[in-house]
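Worksheet: the structure to be examined is printed underneath.
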Amino acid sequence: MSRGVVLITGASAGLGEEMARQFAALGYDLALCARRVDRLEKLRDELPTRVVVRQLDVTDDDAVFTVFREFAAEFGRIDRVIVNAGLGKGAPLGTGRPDANRATARVNFLGALAQAEAALEIFRAQQRGHLVIISSMSALRGMRKSMTTYAATKAGVAALAEGLRSERIPGVDVSVIYPGYIRSEMNEHVRQQTPFMVDTATGVRAMVAAIEKRKAKAYVPAWPWVPIGAAMRVLPLSVVRRLG
Ligand SMILES: NC(=O)c1ccc[n+]([C@@H]2O[C@H](COP(=O)([O-])OP(=O)(O)OC[C@H]3O[C@@H](n4cnc5c(N)ncnc54)[C@H](OP(=O)(O)O)[C@@H]3O)[C@@H](O)[C@H]2O)c1
């Protein structure tokens, strides 16, 4: 018996792929999308519940609506949408890589906006649903150099989520997850001993637990990110700049 249907974007790698595994283990059916559909098909064949996969580039607004509507039609409902697809490209502003920063802004902010629009269309019609936005600890303050645009997009999506929560849409819950450092494709080039980096399964277990509790906000894993988050919000920028 299915516990419900969870739609995850960016499910072909990293946190999205592991969330798919863990939600399937909890008994959820899954609607999975990403650009690399071959990886989604392989994942589908390994999972114990009903899984439907679609190719989707979240920067294609029309395709986001089409794919989300197709998933809703195929399952008859969508209980939770996890806005996870993300890009960690970036370069210091004014150093000749506006393309990298624009690509990050397109995927992480405009892509998330399209996903939230498409999800809310379904949830308003159903009068129920859980929207989950994957932000980042880097959203809490401005970050320097190659992180500047990325952190700004993650602050942007967190603000989007708070605005939606403030709207109190009947039957709709909104959660923002702020992961710390969790091993994934995005940071596989980052050295092994990065402080506080946890393996993918451990980090995603903390994400899934927070999502299942439908928390409005969660810094994950809680240790050490809850105290770091509290400190980040009040520390002077001269200290915060050493974190990113
Ligand atoms: N890992 C961390 O430590 C960490 C920390 C804070 C926040 N986050 C956030 O967590 C989310 C997942 O990141 P990750 O670490 O799992 O990264 P990842 O391993 O690089 O995976 C990113 C996923 O996003 C998908 N994606 C990228 N561009 C896309 C596009 N244009 N359209 C559709 N899908 C796209 C990728 O699939 P395709 O390439 O197949 O399309 C892939 O499945 C991101 O939002 C990231 O910002 C991660």
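Counting starts at 1 for both ligands and their atoms, in listed order.
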Legend entry - Distance-only donor-acceptor check, side chains Thr202 and Asp199, under 3.5 Å: yes
Legend entry - Minimum heavy-atom distance Ala151-Arg141, with the two atoms named: CB-O, 4.2 Å
Inset, instruction - Using the ring pair (Phe, Tyr, Trp, His ring centres under 6.0 Å) rule, collect all pairs that involve residues 126-181, keeping only residues at least two apart or in two chains. - result: Tyr178-Tyr219, Tyr181-Trp225
Legend entry - From Gln126 atom CD to Glu121 atom CD, the distance as rounded to the nearest 0.5 Å: 11.0 Å
Inset, instruction - Tell me yes or no: between the side chains of Gln115 and Thr9, is some donor less than 3.5 Å from an acceptor? - result: yes
Inset, instruction - Taking only heavy atoms of the protein into account, state which residues are under 4.0 angstrom from an atom of ligand 1, in chain and number order. - result: Gly10, Ala11, Ser12, Ala13, Gly14, Leu15, Ala34, Arg35, Arg36, Leu56, Asp57, Val58, Asn84, Ala85, Gly86, Val107, Ile134, Ser135, Ser136, Tyr150, Lys154, Pro179, Gly180, Tyr181, Ile182, Ser184, Glu185, Met186, Asn187
Legend entry - Residue pair Gln22 / Tyr28, side-chain donor-acceptor N/O under 3.5 Å: no
